[in-house]
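The next block holds one structure in the form of structure tokens; read it before the comments.
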Amino acid sequence: MDLYEYQGKELFRRFGIPVSDGRLALSPEDARQAAQELGGAVVVKAQVHAGGRGKAGGIKLAASPSEAEARAADILGMDIRGHVVHRLWVEKASEIEREYYLSVTFDRGEKKPLFMLTTEGGVDIEELAATSPEKLARLHVDPLVGFHPFQARWLCFAAGIREPAEQKQVIAIVGKLYETFVSCEAMLCEINPLIVTPAGEVRALDAKVTIDDNALYRHPDLAELRDLAAADVQEQRAREKGLAYVKLDGDIGILGNGAGLVMSTLDVVAQAGGRPANFCDIGGGAQADVVVGALEVITADPVKAILFNIFGGITRGGEVARGLLEALERIGIDVPVVVRLDGTEAEEGRRLLAESSPANVHVESTMLSAAERVVELAR
Amino acid sequence: MDLYEYQGKELFRRFGIPVSDGRLALSPEDARQAAQELGGAVVVKAQVHAGGRGKAGGIKLAASPSEAEARAADILGMDIRGHVVHRLWVEKASEIEREYYLSVTFDRGEKKPLFMLTTEGGVDIEELAATSPEKLARLHVDPLVGFHPFQARWLCFAAGIREPAEQKQVIAIVGKLYETFVSCEAMLCEINPLIVTPAGEVRALDAKVTIDDNALYRHPDLAELRDLAAADVQEQRAREKGLAYVKLDGDIGILGNGAGLVMSTLDVVAQAGGRPANFCDIGGGAQADVVVGALEVITADPVKAILFNIFGGITRGGEVARGLLEALERIGIDVPVVVRLDGTEAEEGRRLLAESSPANVHVESTMLSAAERVVELAR
Amino acid sequence: MAIIVDAATRLVVQGITGREGQFHALRNRDYGTNVVAGVTPGKGGEAVEGVPVFDSVRDAMAETKPNTSMVFVPARFAADAIYEAVDAGIETVICITEGIPAHDMLRIYNYIRPRGVTLVGPNCPGVLSPGKANVGIIPAEIFSPGPVGLVSRSGTLTYQIGNELTQLGVGQSTIVGIGGDPVVGTSFIDALERFEADPETRFVVMVGEIGGSEEEKAAAFIAERMTKPVVGYIAGRTAPPGKTMGHAGAIISGSAGTAKAKQEALEARGVRVGTNPTEAARLVADLVAGAR
Amino acid sequence: MAIIVDAATRLVVQGITGREGQFHALRNRDYGTNVVAGVTPGKGGEAVEGVPVFDSVRDAMAETKPNTSMVFVPARFAADAIYEAVDAGIETVICITEGIPAHDMLRIYNYIRPRGVTLVGPNCPGVLSPGKANVGIIPAEIFSPGPVGLVSRSGTLTYQIGNELTQLGVGQSTIVGIGGDPVVGTSFIDALERFEADPETRFVVMVGEIGGSEEEKAAAFIAERMTKPVVGYIAGRTAPPGKTMGHAGAIISGSAGTAKAKQEALEARGVRVGTNPTEAARLVADLVAGAR
């Protein structure tokens with residue numbers, strides 16, 4: 001789960017990482033009010049889960065409340081890389097002397113948390129890592145032993161931060177960021193930029209925090225943020241049904257069991273010349289009702305045909321067929337449904353479908369032929 | 001630092017370990033009031049850092065507020081193994097079906113926290129470990145990996161606690177006790193007895209918690225308890241001066257550098273037929289003012305003579321001699337002081353003493369001769 | 001020989017009295033796996049169709065000497081179950097459970113590695129050595145003994161490719177589902193290393209997907225350390241960046257973790273990569289036929 | 001040879017710019033110890049009487065290749081300093097600092113042990129191998145080279161006994177102050193094991209005190225594994241129970257940890273125990289004389 005900047009900053013504040021004062025605004029009036037309360041110049045920032053907000057015009061300076069209102073009106077409703085702006089964060093404008101970059105994330109290869117710090121702030125970190133790795137201080141933390149202050153000191157020295165007062169603040173922020181990372185079970189905590197003001201104060205000017213979905217049950221306070229953060233109502237509905245669902249931009253609904261198989265199904269449909277409308281994984285061991293729910297979700301997208309690709313292990317073909325038949329009856333699906341059933345109890349499933357033989361259900365015996373058939377039927 | 005039962009229970013409550021409702025009482029009137037507020041039968045319990053309170057008459061049942069007042073009057077001022085009762089804990093009386101024992105402590109040999117659980121509650125745990133080790137479930141926790149619920153389950157099964165509802169409560173208490181142990185940096189957290197009520201509720205009926213003195217700087221809330229817990233004003237004064245001081249019951253003041261050397265000095269004084277009045281370790285690298293402070297502390301006890309045993313490493317003989325001379329002048333010590341100086345700058349110290357040569361200062365060249373001399377002078 | 005599970009496997013099933021746990025424990029036993037015990041706290045002394053159930057892995061160890069554990073307990077209790085297995089002296093833990101928090105797995109990984117414990121998963125279909133033992137939920141009937149080692153981040157995709165191989169008359173030495181989570185106990189490299197050392201394995205299929213850089217690392221490992229031919233397939237060629245595709249680990253972050261980058265990394269090291277499961281299976285079948 | 005420190009020691013001093021750190025670093029160097037570097041964060045690039053100072057142990061390692069660290073930083077920062085030393089690849093850490101929280105030491109101990117790092121202390125006077133190297137605060141002038149290994153929980157008591165030995169004409173191979181805290185990195189057994197293996201050590205004196213059961217364990221170790229004669233002394237024969245006698249670890253809990261119990265455990269295993277430092281020194285001198 002990705003947090004919005006303002007949610008991430010609220011977390012930072014809770015863990016003692018300095019951030020600027022600000023207010024959430026849902027309307028231009030809110031923004032005016034926020035600017036008034038904050039006093040002085042403010043920055044109006046679009047709250048969307050997309051990079052490059054600044055370049056896209058989603059971040060504007062405003063010298064007065066009325067200017068803040070006008071900028072908010074400009075930004076609200078903007079489409080930034082497919083994300084419509086519904087929320088703004090209005091915060092006190094900061095004077096910036098220098099911009100750094102600091103993050104802690106999962107190093108999936110090393111299986112350890114990885115800190116990265118550079119004084120080349122504001123840049124693309126992947127690019128920096130590729131072109132000037134010597135400018136990027138990297139440090140792994142042993143998750144059993146935890147973080148120790150010497151590591152923060154070493155990061156500072158390695159990144160070339162030597163001014164004592166500044167170093168002291170950065171060291172404290174590194175420690176608190178690790179605490180945030182572990183306490184909130186984050187997959188990523190990124191501050192880009194971490195700024196130094198002309199007065200020498202170090203502060204997080206942005207916040208990018210991703211929380212592990214699997215850990216949310218231990219963090220009801222963070223789980224609540226999800227509902228607010230949910231970019232897509234349909235994705236949320238699918239999640240509530242225990243489905244992994246991703247909206248795509250084509251017209252063929254894709255449903256299968258197991259993330260790898262569904263991804264592969266998208267690939268073969270694309271190879272056959274079709275465009276998937278979504279990705280829907282019913283997971284392992286799904287019962288008929290889950291299949292019904294999944295069909296409800298994917299038919300909420302405008303689909304011309306549906307591909308049903310099941311290779312049962314823990315999932316049983318009979319259950320899947322029963323779910324499909326039930327859904328046809330209950331939801332009234334009239335687009336063609338291509339079904340490919342293999343693995344556990346596949347014969348049983350195929351038998352059930354053959355017995356009932358609904359007009360719009362087409363059974364195929366291989367994944368490739370099923371993909372070709374559904375593309376054909378979607379034309 | 002040992003906590004009183006009521007302080008330990010307050011900690012337990014904070015960490016979610018069930019304890020009985022109770023009130024602190026400093027007078028019989030307090031006890032009456034407490035009993036009134038709690039309602040029903042109460043137990044009046046002496047708050048002292050000594051075992052065997054019950055046998056000594058320091059724990060009494062009271063059926064009514066007036067009875068509680070009377071029992072409080074009996075107990076306040078009692079001397080329990082050298083500890084005068086100044087505080088009472090008045091708590092709701094518990095019905096007891098069974099008594100267990102649960103603790104987590106430092107296993108100094110294994111260098112790991114050690115849990116002990118037995119259903120043979122209320123007994124002396126050392127004795128049980130010696131006579132019926134099979135009745136004592138013992139389990140070490142890896143401090144880097146932390147505690148895991150399976151360990152609590154295993155403890156329960158090993159101790160023979162099998163009733164599911166009871167087991168569930170004990171498992172929860174084990175987890176919370178570990179949390180208390182680690183969060184408060186305790187050296188010992190002991191619940192003896194851990195009771196099961198006829199209704200099947202599991203609760204801590206006593207609390208023995210020892211906090212690591214060295215960690216108190218990280219726990220200001222616990223450090224505050226120390227002032228309340230301080231059994232001996234003099235020990236507290238010594239601690240404030242950075243001295244390790246223990247009051248004993250003889251008449252020879254003992255001062256030295258290093259705990260081992262001071263302990264050894266007590267031993268040789270005893271071998272020479274003397275009785276030490278105290279143990280005072282000025283530590284390593286003490287300056288003259290520390291020596292003065294130490295002499296202030298040990299002369300507050302009724303001493304007939306003082307033995308000064310210094311073998312300097314980090315401690316310098318000159319500083320010690322200067323401190324002694326300053327103390328003689330400032331505090332006006334008139335009892336004989338036997339001095340043995342060796343190690344770093346011992347010559348300098350001996351020279352300073354010889355130059356000043358106060359009438360009551362006797363320099364000896366060995367530890368044994370110094371011990372013999374001070375015993376002689378104390379007669 | 002095969003790898004990870006074989007005729008020497010003595011299996012304890014943690015969570016054996018749960019619905020799925022029982023179903024698969026018995027299915028594994030029916031296949032021929034030596035299921036020596038089950039563990040469900042509080043049900044010690046019971047039995048599941050002849051498999052004795054213990055309160056703890058320690059008890060199961062004392063009585064039945066298992067060397068391998070299959071973890072089938074719910075996500076909230078699974079990390080605890082893994083620690084329990086390791087603490088009791090289990091050498092190989094195969095964790096089927098899905099949804100274990102990543103920070104838990106991070107600690108578990110760093111805990112087990114220096115102790116020499118093999119962990120497969122979590123969120124994986126298990127390990128099957130056709131004709132020898134099956135530990136997990138892999139439908140054994142679609143596989144057959146043979147020379148091809150199969151390692152995959154995806155369960156159903158493994159069945160898909162295994163099925164195609166079997167239809168082409170090519171059997172398998174061991175099928176390892178390493179799981180789709182960001183932190184898994186056995187990586188591609190760990191599995192490849194074992195296949196390289198296993199005399200019964202002569203070819204390897206590696207089924208990757210978007211996210212992370214394990215396939216890229218495996219490519220380097222294959223080039224430097226493998227003598228046996230490897231065929232690859234990467235799922236998610238059309239997945240959009242920034243979206244988690246079902247598996248928590250299947251996400252393209254920025255420009256990293258794309259199927260294209262992975263395929264290129266493999267091909268640059270001489271690994272043949274199929275563009276779909278059918279093509280990958282055919283590439284292997286051609287290799288096997290060529291070697292005959 | 002000697003144990004723990006010797007002519008091969010290359011010392012980095014953590015906290016070298018502090019008052020005591022500087023004093024003892026230079027004193028150790030004057031004795032002949034090879035002090036190659038100091039570390040004080042923020043003072044990298046400076047020097048203390050010719051000893052280069054670095055910002056981190058990692059930097060010191062890169063430039064001067066120390067193998068041993070002496071930790072002289074305040075208690076609140078000492079645990080961090082030990083982790084830093086180990087992380088940088090230091091093999092032997094001698095921690096003089098007093099007052100480190102016990103839970104910190106518990107974690108450090110369990111961290112360093114599987115990594116094969118030797119930790120002496122904390123809250124200890126250090127290690128001296130007369131004529132070779134001195135790391136710590138032991139006043140070297142009261143010791144002289146010879147056949148007796150000395151290990152002790154107490155600093156000043158060690159000086160006392162060392163002094164008496166020297167006056168009796170008996171020199172020492174190495175003096176190890178293991179420290180008086182409840183959790184120390186090197187136990188009596190660890191030191192005894194090294195003395196047993198050290199050809200230059202022919203006799204051992206072990207100076208214990210009340211609290212814990214390390215002396216009892218050492219007694220068993222001596223009986224089972226030591227061929228060299230050991231003489232003991234236990235301080236605190238008259239200490240009352242339940243009182244912490246200066247050292248955090250020196251406390252009699254219930255009936256455990258008394259000097260009497262320790263002395264009996266040692267004597268039961270054939271270790272001669274002196275009732276005071278002078279007597280202990282004489283017992284050793286007699287042994288040495290007898291062996292001549």
Side-chain angles (χ1 to χ4, degrees), chain B residues 2 49-51 106 108-109 111-113 124-126 142-145 181-182 185-188 212-218 244 246-249 256-264 266-271 276 279 281 283-285 309-315 342-344 366-368 371, chain D residues 20 24 75-76 98-107 109-111 113 125 137-139 142 152-160 163 180-183 187 207 209-214 217 233 235-240 242-250 254-256 259 275-278:
Chain B
D2 293 327
H49 296 308
F106 264 57
R108 289 168 56 170
K111 271 94 171 175
K112 288 191 167 74
D124 183 282
I125 199 66
E126 283 180 39
D142 181 326
L144 293 179
V145 184
F181 181 73
V182 172
E185 302 195 54
M187 306 298 286
L188 167 70
D212 178 10
D213 287 330
N214 286 340
L216 283 178
Y217 75 91
R218 289 197 278 232
V246 177
K247 190 178 168 62
L248 303 169
D249 56 4
N257 64 323
L261 186 64
V262 183
M263 269 189 276
S264 189
L266 300 184
D267 294 349
V268 293
V269 165
Q271 283 185 319
F279 163 107
D281 175 11
N309 188 14
I310 302 291
F311 204 121
I314 209 170
T315 308
D342 241 318
T344 309
T366 75
M367 185 163 153
L368 289 190
Chain D
E20 295 290 335
H24 290 286
R76 295 179 189 208
E98 181 182 346
I100 302 181
H103 279 258
D104 280 354
M105 286 314 305
L106 208 58
R107 283 188 293 267
Y109 184 89
N110 284 277
Y111 175 71
R113 275 279 155 155
I137 64 175
I138 298 177
I142 57 178
S152 170
R153 275 165 75 182
S154 157
T156 42
L157 206 42
T158 314
Y159 314 159
Q160 177 69 36
N163 193 39
D181 275 2
V183 181
S187 67
V207 183
E209 59 190 39
I210 56 164
S213 57
E214 292 306 297
K217 287 188 189 151
Y233 169 61
R237 300 154 57 86
T238 53
K243 291 284 188 183
T244 302
M245 304 301 277
H247 282 160
S255 65
T275 63
N276 59 49
T278 311

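First the proteins, then the strands, lettered A, B, ... as listed; each starts at 1. Side-chain atoms are counted along with the backbone in the values below, which use heavy atoms only and exclude waters and symmetry mates.
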For this session: Identify, with sequence neighbours excluded, every residue that meets salt bridge (Lys or Arg N to Asp or Glu O under 4.0 Å) alongside B/Glu185.
Result: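 Applying salt bridge (Lys or Arg N to Asp or Glu O under 4.0 Å) to B/Glu185 gives B/Arg218.
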
Exercise. How would you list, by chain and number, every residue that makes a salt bridge (Lys or Arg N to Asp or Glu O under 4.0 Å) with B/Arg108, sequence neighbours excluded?
Worked result: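 If we apply the salt bridge (Lys or Arg N to Asp or Glu O under 4.0 Å) test to B/Arg108, skipping adjacent residues, there are no hits.
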
Identify which of [options] forms the greatest number of heavy-atom pairs closer than 4.5 Å to chain D.
options	answer
B/Asp267, B/Asp281, B/Leu216	B/Asp267
B/Pro113, B/Gly343, B/Ala186	B/Ala186
B/Ala215, B/Gly256, B/Ser264, B/Gly258	B/Ser264

Contact summary for [X] and [Y], nearest pair of heavy atoms:
X	Y	result
B/Pro143	D/Leu106	CG-O, 3.8 Å
B/Thr344	B/Thr315	CB-O, 3.5 Å
D/Pro101	B/Tyr217	CG-CE2, 4.0 Å
D/Gly246	B/Ala244	CA-CB, 3.6 Å
B/Asp2	B/His49	O-CE1, 3.2 Å

Between [options], which residue shows the highest count of heavy-atom pairs closer than 4.5 Å to chain B?
options	answer
D/Pro182, D/Ala250, D/Gly155	D/Pro182
D/Ala102, D/Pro277, D/Gly180	D/Ala102
D/Val207, D/Thr158, D/Ile210, D/Ile100	D/Ile100
D/Pro240, D/Pro139, D/Ala239	D/Pro139
D/Ser154, D/Gly99, D/Gly211	D/Gly99

Does any heavy atom of chain D fall under 4.5 Å from the side chain of [X], the backbone, both, or neither of them?
X	value
B/Val262	neither
B/Asp212	side chain
B/Leu368	side chain
B/Asp342	side chain

So which part of [X] gets closer than 4.5 Å to some heavy atom of chain B, the side chain, the backbone, both or neither?
X	value
D/Tyr111	both
D/Arg237	both
D/Glu214	side chain
D/Ile138	neither
D/Ser213	neither
D/Arg113	neither
D/Thr275	both

Would you call [X] and [Y] a side-chain contact if the rule is heavy atoms closer than 4.5 Å?
X	Y	value
D/Val183	D/Asp181	no
B/Val246	B/Leu248	yes
B/Met367	B/Leu261	yes
D/Ser187	B/Lys111	yes

Problem set entry | Worked check of side-chain hydrogen bond (donor to acceptor under 3.5 Å, both in side chains) between B/Lys112 and D/Asn110 | CA-CA 8 Å; B/Lys112 288 191 167 74; D/Asn110 284 277; 3.3 Å; yes

